[in-house]
S.K.: 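The following block contains the structure, expressed as structure tokens.
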Amino acid sequence: MSILSTIRAELPLILIAATLVVVQSVGVPASGIAGGAVFLWLLIVMIWAAGGVLHHAESVAERLGEPLGTLILTLAVVGIEVALIASVMLSGDGSPTLARDTMFAVVMIVLNFLTGLSLLLGALRFGEQNYNLAGARSFLSVLLPLAVFSLMLPAYTTSNWSPSFSDFQALFFSIITFAMYGVFLLMQTVRHRGYFTEPQEPQVPDHVHAMHATWVHAVLMIATLLPIVLLSKTLTKYVNSGLDMLGLPAALGGVLIAMIVLVPEGASAIRAARHNRLQRAINLCLGAALSTIGLTVPVVLGIGAWMGHDVILGLTPVNQIMLALSLITAVLTFGTQRTNVLHGAIHIVLFLAYLALIFAP
């Protein structure tokens with residue numbers, strides 16, 4: 001490749017890296033017409049950069065195959081997301097519910113919106129789609145207890161006055177969460193890799209034609225992801241001020257930022273489903289939900305114990321019902337080896353209900 005072609009291909013990385021440098025060193029206006037222009041620029045550049053992440057992720061997946069390709073994308077997105085939460089907590093700017101709200105938003109987005117949209121668009125094109133039942137059940141068998149342990153159980157324990165774990169409970173559930181996630185990764189990548197591969201060849205070819213070595217694409221993917229997540233904190237300020245001006249609920253800001261961060265995974269999952277590679281879409285969506293809890297809980301509980309701060313994990317009763325309903329629906333959706341339009345539509349409806357309850361709790 002020529003230098004000019006390389007620069008053109010990596011333009012999203014160059015622009016978002018330059019934007020991050022300007023924001024961190026010079027600062028940007030937060031209000032008025034100039035503030036609106038900065039917000040629009042941040043939004044465009046972050047979405048464009050997400051497309052660059054998708055390109056490199058598809059290149060890595062093409063080289064490594066399933067499930068390693070999708071696992072790298074999932075761990076990159078969720079890992080940097082966890083790093084962002086940790087940095088906010090360590091700076092003292094985060095609220096006690098930061099980790100809970102982030103985990104819940106990500107789980108609802110990937111479990112309902114991204115999963116539902118992937119199933120719906122794939123079914124509209126192919127009627128019914130097959131996937132590896134053992135792989136989907138493996139995801140859900142770990143996701144169910146971890147979600148209940150992390151987001152529901154703290155609301156009912158009596159060791160603390162708040163919906164959070166005591167010191168002993170925090171240590172115990174951090175260990176078992178990390179251990180269960182580690183065992184799952186061992187099964188996914190070593191012992192039972194076949195559970196997470198396509199049961200049949202896709203009907204539509206999906207070749208990305210990687211331009212660099214695999215490690216180069218992996219480094220470029222992470223290098224493009226990092227500014228997206230670091231800038232999301234700045235974008236949150238603009239979103240929150242805009243929501244205040246419009247009189248919209250503050251919780252909507254976290255959902256919008258989470259959706260921007262999840263654009264690479266979401267776009268990759270939808271593309272895979274439209275190319276009749278439903279197992280890859282499932283690996284991305286269910287993998288993101290599982291990784292978010294498996295990596296976030298041990299980190300935030302460890303930081304909370306080190307700083308002596310309470311980390312509130314227990315959801316409100318309404319959100320507990322929505323989480324339980326989403327998990328039950330996912331179990332039913334992936335209870336057989338074929339999906340159709342109805343399955344996708346139901347998950348979309350659950351996501352719309354989640355949004356409606358943000359506006360009218």
Side-chain angles (χ1 to χ4, degrees), residues 67 71 74-90 94 96-111 135-160 162-192 196 258 262 265 283-315 319-320 322-324 326-328 330-331:
L71 180 61
T74 298
L75 291 180
V77 173
V78 176
I80 298 177
E81 172 196 322
V82 172
L84 176 63
I85 296 174
S87 66
V88 174
M89 290 181 65
L90 290 171
T97 62
L98 172 68
R100 179 197 71 181
D101 294 341
T102 303
M103 282 193 293
F104 184 56
V106 170
V107 168
M108 294 302 288
I109 290 170
V110 297
L111 205 59
R137 284 181 171 176
S138 299
F139 276 118
L140 292 171
S141 65
V142 183
L143 179 59
L144 274 166
L146 290 191
V148 172
F149 286 160
S150 304
L151 297 174
M152 298 178 68
L153 189 62
Y156 297 97
T157 57
T158 57
S159 299
N160 255 359
S162 62
S164 59
F165 287 133
S166 65
D167 291 342
F168 169 77
Q169 291 169 340
L171 177 63
F172 175 78
F173 284 107
S174 294
I175 292 173
I176 65 171
T177 296
F178 189 76
M180 288 179 67
Y181 185 64
V183 171
F184 174 82
L185 288 183
L186 178 65
M187 185 193 74
Q188 184 183 20
T189 57
V190 180
R191 296 188 65 87
H192 298 289
F196 306 92
L262 289 169
E265 276 189 303
N283 290 348
L284 285 166
C285 293
L286 296 185
L290 180 57
S291 300
T292 294
I293 296 177
L295 294 176
T296 303
V297 170
V299 171
V300 300
L301 289 179
I303 293 175
W306 178 53
M307 298 184 67
H309 293 166
D310 249 354
V311 178
I312 296 177
L313 292 177
L315 293 169
N319 287 337
Q320 288 179 42
M322 290 303 303
L323 177 62
S326 299
L327 292 170
I328 293 170
V331 170

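The chain is numbered in sequence order, starting from 1. What you see below is based on every heavy atom in this structure, not just the backbone, and it leaves out hydrogens, waters and symmetry mates.
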S.K.: To the nearest 0.5 Å, what is the distance between CD1 (Ile312) and OG (Ser162)?
M.R.: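 Going from CD1 on Ile312 over to OG on Ser162, the span is 5.0 Å.
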S.K.: Would you give the length of the straight line joining atom CE of Met152 to atom OH of Tyr156, rounded to the nearest 0.5 angstrom?
M.R.: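 Here the interatomic distance stands at 5.5 Å.
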S.K.: Might you point out which heavy atoms bring Pro154 and Val148 nearest each other, and give the distance in Å?
M.R.: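 Between these two residues, the closest heavy atoms are CD-O, 4.4 Å.
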S.K.: Which pair of non-hydrogen atoms, one from Leu301 and one from Ala170, has the smallest distance, and what is that distance?
M.R.: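 Closest approach of Leu301 to Ala170: CD1-O, 3.7 Å.
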S.K.: Quick one: are Thr296 and Thr102 in side-chain contact, heavy atoms under 4.5 Å?
M.R.: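 SC-SC contact between Thr296 and Thr102 ruled out.
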S.K.: Nearest 0.5 Å please: distance from the CD1 atom of Ile109 over to the CD atom of Glu265.
M.R.: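 So the CD1 of Ile109 and the CD of Glu265 are separated by 11.5 Å.
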S.K.: Would Val106 and Ile293 count as a side chain to side chain contact (heavy atoms under 4.5 Å, CB included) if you check the C-alpha gap in whole Å, the side-chain angles of each, and the deciding distance to 0.1 Å?
M.R.: CA-CA 10 Å; Val106 170; Ile293 296 177; over 6 Å; no
S.K.: Which pair of non-hydrogen atoms, one from Leu111 and one from Ala330, has the smallest distance, and what is that distance?
M.R.: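 Result for this residue pair: CD1-CB, 4.3 Å.
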S.K.: Got a list of side-chain donor-acceptor pairs under 3.5 Å for residues 137-147, not counting sequence neighbours?
M.R.:
residue : atom : partner : partner atom : Å
Ser138  : OG   : Ala134  : O            : 2.7
Ser141  : OG   : Arg137  : O            : 3.2
Ser141  : OG   : Ser138  : O            : 2.9

S.K.: Looking at side-chain heavy atoms only, is the closest gap between Leu171 and Phe165 below 4.5 Å?
M.R.: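 Not in contact.
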S.K.: Can you give me the closest heavy-atom contact between Gln169 and Ser164, atom names plus distance?
M.R.: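 The answer is OE1-O, 4.4 Å.
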S.K.: Once rounded to the nearest 0.5 Å, what's the spacing between atom CZ of Arg100 and atom CG of Leu315?
M.R.: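 CG of Leu315 is found 6.0 Å from CZ of Arg100.
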S.K.: For the atom pair CZ (Phe104) and OG1 (Thr292), what is the distance rounded to the nearest 0.5 Å?
M.R.: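 It comes to 13.0 Å.
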S.K.: Quick one: side-chain hydrogen bond (donor to acceptor under 3.5 Å, both in side chains) partners of Thr157, sequence neighbours excluded?
M.R.: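 Here no residue qualifies.
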S.K.: For Gln188 and Leu185, indicate whether the former's side chain and the latter's backbone hold a donor-acceptor pair under 3.5 Å.
M.R.: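 No; judged by distance alone, with no hydrogens or angles, the pair does not exist.
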S.K.: Is the backbone N or O of Phe196 less than 3.5 Å from a side-chain atom of Asn283, with the two atoms forming a donor-acceptor pair by type?
M.R.: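 Flag set: sc Asn283 to bb Phe196 pair under 3.5 Å.
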S.K.: Could you check, using the six-membered ring where one of them is a Trp, whether Phe178 and Phe149 have ring centers closer than 6.0 angstrom?
M.R.: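 No, the ring of Phe178 stays outside the 6.0 Å limit from the ring of Phe149, centre to centre.
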S.K.: How far apart are the closest heavy atoms of Ala155 and Pro163, and which atoms are they?
M.R.: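 Where Ala155 meets Pro163 most closely, the heavy atoms are CA-CB, 3.9 Å.
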S.K.: Measure the CG-CE distance between Leu295 and Met103 for me, rounded to the nearest 0.5 Å.
M.R.: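 If we round to the nearest 0.5 Å, Leu295:CG and Met103:CE are 11.0 Å apart.
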S.K.: Between Ser291 and Tyr181, is the side chain to side chain contact (heavy atoms under 4.5 Å, CB included) condition met? List the steps.
M.R.: CA-CA 8 Å; Ser291 300; Tyr181 185 64; 2.6 Å; yes
